[in-house]
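Here is the structure we will look at.
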Amino acid sequence: MSSHLLKKGYEPKKVERRWYAYWEKEGLFSGEDVSDKEPFSIVIPPPNVTGVLHMGHAHNNTLQDILCRYRRMQGCNVLWMPGTDHAGIATQNVVEKRLAKEGKSRQSLGREEFIKRVWEWREEYGGLIIKQLKRLGASCDWDRERFTMDGGLSKAVRTVFVRLYEEGLIYRGNYIINWCPRCQTALSDLEVEHEDHNGHLYYIRYPFQKGNGGIVVATTRPETMLGDTAVAVNPNDKRYGGLDGKTVILPLMNRSIPIIFDDYVDMSFGTGALKITPAHDPHDFEIGQRRNLDVVKVIGGDGRMNEQAGRFQGKDRFECREQVLEALRDEGLLEKVEPYQHSVGHCYRCRTTVEPYLSRQWFVRVKPLAEEAIAAVRTGATRIIPDTWTRTYYEWMNNIRDWCISRQIWWGHRIPAWTCENCHELTVAIDPPTVCHACKGTALVQETDVLDTWFSSALWPFSTMGWPEDTDTLKTFYPTSVMVTGFDILFFWVARMMMMGLHFMKEVPFRDVYIHALVRDAEGKKMSKSRGNVIDPLYVIDEFGTDAFRFTLAAFAAQGRDIKLSEDRIEGYRHFINKLWNASRFSLMNLSDFEPDETGQDARDLSLADRWILSRLNGVVEIVTKSLDEYRFNDAASAVYQFVWHEFCDWYLEIIKPVLYGPETLSSPYVTTRFTLWSALNETLRLLHPFIPFITEEIWDKLPGTQGSIMKAEFPFPSKARDDREAEEAMKVLIGVVSGIRNIRGEMNVAPSLSVDAIVHSPDKDVRELVERHRDMILNLCRLKGLEVTPPDERPASSATSVFGGCTIFVPLKGVIDFELEQGRLNKEIAKISKELDGIGKKLSNEDFLKKAPQDVVDKVRERGERLAEKRTRLHEHLDKVSHLD
RNA sequence: AGGCACGUAGCUCAGGGGGAGAGCGCUACCCUGACACGGUAGAAGUCACGAGUUCAAAUCUCGUCGUGCCUACCA
């Protein structure tokens with residue numbers, strides 16, 4: 001028997017590198033475009049090219065990998081489509097920062113040169129996160145790696161744009177959009193993050209043009225008053241009756257502006273008078289449209305006041321606010337200032353306060369698209385899991401507003417629209433047109449804006465598969481099986497993929513959407529760089545190994561609850577990996593010369609323990625399979641953890657040691673035990689592989705009788721035929737007896753080195769025979785020197801007692817028994833039983849319970865009551881004896 | 001302002017109408033020939049609070065309190 005098969009400690013680093021390279025080399029991650037096998041596909045939520053792997057990615061991709069490896073082993077044709085996202089604003093920011101270090105700007109380079117630099121940057125650094133995903137063990141089909149700016153995907157983007165335009169679902173127009181003065185681009189509503197802000201409500205008097213007095217308006221943004229073109233009041237507001245047709249003088253600007261009546265105005269807010277700035281507020285804009293008001297833009301794209309702002313021109317908008325207030329104070333027009341909390345929008349990329357800004361932009365009319373997307377979930381074509389998110393999805397889809405898709409940046413898909421310099425008509429086309437569609441003129445100038453990055457992301461499930469070509473990949477793998485993602489991009493991405501998928505593929509992009517939780521720090525706070533509480537996944541992998549990390553993530557991935565992660569918790573699961581390693585090491589030591597074929601399968605005469613462990617294994621396989629099918633990763637992980645540690649290691653391995661250590665290697669028990677050990681380990685490894693791919697492959701490789709990668713082995717499947725209730729029931733009895741004896745030893749302070757005797761009384765002949773037949777096992781597990789099994793008989797003198805099932809267990813402790821200790825032990829047990837019996841008694845004496853509860857429940861309670869009562873009686877008897885000298 | 005989720009052992013969380021569970025931590029003993037990243041045994045909970053439904057509630061309903069998150073065009 002040799003012990004060099006596995007090293008004493010598991011060394012993840014080398015193992016991980018070796019096996020990942022092997023898997024890649026052997027092409028084990030490849031999906032087949034044409035295959036008879038059942039397809040299973042996932043498209044990866046593409047990380048930003050600028051990204052580095054964070055906990056969110058690690059969690060997200062671990063779950064996807066578990067699913068992919070699971071399905072692959074089940075015989076599916078699996079495609080896990082990988083790739084990255086060009087992340088327009090983020091990437092542009094990164095490259096601009098680098099340029100700044102060289103003393104350059106994107107403007108100084110020019111558009112074309114700048115784009116070239118971005119591509120160069122991408123070549124050099126863009127692959128970082130892909131490498132990191134590989135360290136996680138991600139089994140993506142890397143040969144298919146996509147990038148949202150690739151030629152094929154760009155073609156898909158242009159195709160979609162043109163078709164939507166032609167269908168009237170894309171339009172261009174002047175509207176108030178969210179503008180980031182730092183990024184100098186429009187943002188969609190979703191890209192604005194609202195935060196509560198402790199500001200002020202300023203009350204400003206606008207004097208009447210004629211006569212004395214004036215009207216007081218309230219605003220949080222006094223600088224916008226420079227662009228006011230009206231003051232509105234509610235027509236029902238008695239305070240302002242008779243002001244119709246009156247005008248006021250706009251302070252500081254000395255413009256005369258009308259007082260108008262509009263239902264929109266809330267009488268109860270402020271003074272009931274609302275200043276109207278159509279160019280800088282979405283509602284004001286609407287009112288302005290309705291009432292044909294002038295539009296005066298006073299803030300420029302850079303966040304500074306423009307030439308319309310009079311003497312404030314050139315000032316930053318916030319600086320201007322202070323100066324406007326100062327000026328109003330000087331003129332005595334600032335009536336009062338109140339502290340006021342309101343929410344302020346910030347750019348999700350750079351945190352700059354967003355400016356509502358009137359400009360010409362491109363929009364998608366999403367309502368019609370959203371209707372299809374709502375219906376798809378309602379009919380169950382796509383399931384959202386957990387179900388609670390369905391409501392959120394509907395809520396958002398029902399209230400959806402048009403999507404601003406144009407961005408005034410350079411990095412991205414340039415909008416395929418050309419303006420004719422001659423007739424100013426737009427020509428929209430997939431490929432650059434040579435003539436204007438209207439006047440046939442040839443002087444065409446392309447739109448300079450690019451598309452929102454999410455526009456191309458929305459096409460990801462089919463653009464990555466070759467659309468608009470009609471490819472085999474699409475035929476085989478679309479719709480994808482499941483989208484695994486966090487709720488933070490449910491709207492940004494999932495909803496939009498639904499809309500685009502349905503519209504262009506006429507089919508949902510995915511059957512299931514599994515929404516997982518966020519990974520937080522140990523205190524439940526969101527991990528963020530500024531907070532300094534991030535745990536770097538790569539550090540974790542280096543420190544604890546990928547498998548321990550993955551298993552932790554799976555074990556904590558309960559639906560609907562965020563994961564609070566700390567190093568301690570990962571360390572705990574490293575112990576599990578180590579346990580598996582050592583159990584395997586032990587097994588391999590005893591299987592070194594084992595050949596599965598040499599054991600006649602039919603001739604096997606399995607021991608009770610053998611039958612038990614195989615039956616239990618079947619039970620775990622059932623739980624794992626069912627749990628993974630329902631995306632309950634934590635249930636799967638804890639079931640397998642429980643089995644490996646507390647059944648396979650704690651009981652099975654301990655039970656079989658004497659057989660393996662014994663001299664009789666030709667005996668039937670030796671042969672069958674080795675066979676069972678081998679099959680159980682073999683199956684357990686396959687069961688564990690999706691969660692912890694590296695260590696299982698390493699052990700698999702060393703396990704006799706296995707061929708090729710474990711990735712190609714079959715995932716275990718549960719079978720009724722393998723359920724062995726009889727063996728499980730019998731083992732329950734033996735485990736109970738062993739635990740009873742151990743309990744006595746432990747509580748009575750019997751030194752572990754001391755061998756004692758035990759006596760088991762049972763009125764049940766079958767139980768006696770069972771215990772008798774496994775006396776060696778019990779002797780060994782309890783360190784006994786003798787075991788006697790008899791029908792209930794005279795109670796052995798000077799002994800401690802334990803009652804389990806029908807058995808009464810005695811451990812004679814002549815001379816060493818501490819009567820007080822024993823009494824305490826018995827009393828405690830009796831008290832526990834009595835308390836339970838009280839409850840049961842109450843139930844059984846309740847007429848209604850007996851009448852209305854289902855019969856099987858009544859029977860069960862009654863039976864349990866009898867059992868407990870009997871047990872208590874026996875304990876009482878012993879307590880009596882122990883109390884009256886022994 | 002609305003909406004959603006969550007309050008179960010010291011900590012992190014499963015469970016979801018009929019016997020309160022796990023992991024970590026804790027206590028005692030043990031380096032027994034896979035593993036001290038280990039073994040054996042043990043202690044520990046008014047299942048947030050209050051009502052209701054029910055023969056029966058940690059579990060279902062309503063309310064209260066607390067904690068998180070999301071949405072929103074409250075000047």
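We use all heavy atoms of the structure for the numbers below, so side chains are in, but hydrogens, waters and symmetry mates are not. Below, chains carry the letters A, B, ... as their sequence lines are ordered, and counting in each starts from 1.
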field: 5' priority, RNA chain B, between A:D848 and A:W581 [closest heavy atom]
entry: A:W581
- prompt: Say you pick atom C1' in B:C55 and the same atom in B:G15; how far apart are they, in whole Å?
  reply: 24 Å
message: Work out how far the C1' atom of B:G19 is from that of B:U59, and round it to whole angstrom.
response: 15 Å
- prompt: Say you pick atom P in B:A20 and the same atom in B:C47; how far apart are they, in whole Å?
  reply: 11 Å
statement: Whole-Å distance, A:L653 CG to B:A34 P, equals 10 Å
query: Do A:Y661 and the base of B:G33 stack face to face, with centres under 5.5 Å apart and an angle between planes under 30°?
result: yes
- request: Measure up the A:Y661 and A:F586 rings against each other and bin them: parallel (under 30°), tilted (30 to 60°), perpendicular (over 60°).
  value: perpendicular
- prompt: If we take the P atom in both B:C11 and B:G25, what is their distance in whole Å?
  reply: 15 Å
message: Between P on B:U40 and CE on A:M748, what's the gap in Å once rounded to a whole number?
response: 21 Å
- prompt: So, A:N234 and A:D263: side-chain donor and acceptor under 3.5 Å apart, yes or no?
  reply: no
Which atoms of nucleotides 36-39 of chain B (N or O only) lie under 3.5 Å from a protein N or O atom, and what are those distances?
| unit_1 | atom_1 | unit_2 | atom_2 | d |
| --- | --- | --- | --- | --- |
| B:C37 | O4' | A:H575 | NE2 | 2.9 |
| B:C37 | O2' | A:N578 | OD1 | 3.2 |
| B:G38 | O3' | A:K579 | NZ | 2.9 |
| B:G39 | OP1 | A:K579 | NZ | 2.9 |
| B:G39 | OP1 | A:W645 | NE1 | 2.6 |

Please enumerate all protein N or O atoms sitting under 3.5 Å from an N or O of nucleotides 8-11 of chain B, with distances to 0.1 Å.
none

query: Taking only Watson-Crick and G-U wobble pairs with both distances under 3.5 Å, what dot-bracket line describes RNA chain B, where [ ] shows pairs that cross earlier ones and | shows pairs with another strand?
result: ((((((((.[[[[.)..(..]]]].(((((.......))))).....[[[[[..)....]]]]])))))))....
- prompt: In whole Å, what separates the P atom of B:U40 from that of B:U46?
  reply: 29 Å
query: Can you check whether A:K852 has a side-chain N or O nearer than 4.0 Å to OP1 or OP2 of B:U54?
result: no
message: Looking at A:K828 and B:A43, is any side-chain donor or acceptor paired with a base atom of the opposite kind under 3.5 Å?
response: no
